Amino acid sequence: MQEVAALLLCKLGGQSGSADEIKAVITAAGGEPNDDQIAALVGDVDGKDVNELLSAGMEKLKDVPMGGGGGGGGGGGGGAAAVEVIKEEEEEVEEAPAASDMFGGGDGDGGDY
């Protein structure tokens with residue numbers, strides 16, 4: 001996988017993506033280049049446009065079902081598992097202050113209007 005990432009970085013940087021360039025990118029990132037995998041990759045993409053390869057790959061991915069299912073539930077616990085008792089607390093209800101006129105008059109006669 002690091003070989004493919006190094007190839008794409010080379011292509012983005014305007015390089016040809018040769019085996020030596022791929023090795024240099026992997027080494028610069030602190031990885032261990034695998035000569036066999038690099039040679040196989042370079043042989044597979046030789047003469048092909050990376051953008052066309054990516055487009056073809058994305059076209060194949062559209063048929064792969066993704067998301068939705070969620071994982072299965074966890075396994076059952078042991079036979080003598082402790083039961084946790086949750087005590088619901090009663091919430092204190094605060095009463096709102098009495099409404100008053102916005103302009104200070106609380107007599108309800110309409111004020112200045």
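Computed from heavy atoms alone, side chains included, the values below leave out hydrogens, waters and symmetry copies. For clarity, every value in this text was computed on a predicted model and none was experimentally measured.
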Atom pair CG/CG of Asn34 and Leu41 - distance to nearest 0.5 Å: 11.0 Å
Enumerate the salt bridge (charged side-chain N to carboxylate O under 4.0 Å, His left out) contacts for residues 32-47, please, sequence neighbours excluded, ordered by first and then second residue. Lys23-Asp35
Sequence neighbours left out, what passes side chain to side chain contact (heavy atoms under 4.5 Å, CB included) with Leu12? Give chain and number order. none
Contacts of type side chain to side chain contact (heavy atoms under 4.5 Å, CB included), residue Ser55, not counting sequence neighbours: none
Please, which pairs that meet salt bridge (charged side-chain N to carboxylate O under 4.0 Å, His left out) have at least one residue in residues 48-63, sequence neighbours excluded? Glu59-Lys62
Gly17 and Cys10 have their tightest heavy-atom pair at CA-CB, 4.0 Å
side-chain contact (heavy atoms from CB on, under 4.5 Å) partner of Leu8, the single match among Ile22, Val50, Leu53: Val50
Once side chain to side chain contact (heavy atoms under 4.5 Å, CB included) is applied, do any residues pair with Ala19, and if so which ones, sequence neighbours excluded? Ile38, Val42
Looking only at atom types and distance, does a side-chain atom of Glu21 sit under 3.5 Å from a main-chain N or O of Ser18, one as donor and one as acceptor? yes
Supply the members, apart from Val25, of the Ile/Leu/Val/Met/Phe/Trp/Tyr cluster built from side-chain contacts under 4.5 Å; use none for a lone residue. Leu9
Considering residues at least two apart in sequence or located in another chain, which fulfil the side chain to side chain donor-acceptor pair (under 3.5 Å) criterion with Lys11? none
Glu3: which residues meet the side chain to side chain donor-acceptor pair (under 3.5 Å) condition with it, sequence neighbours left out? none
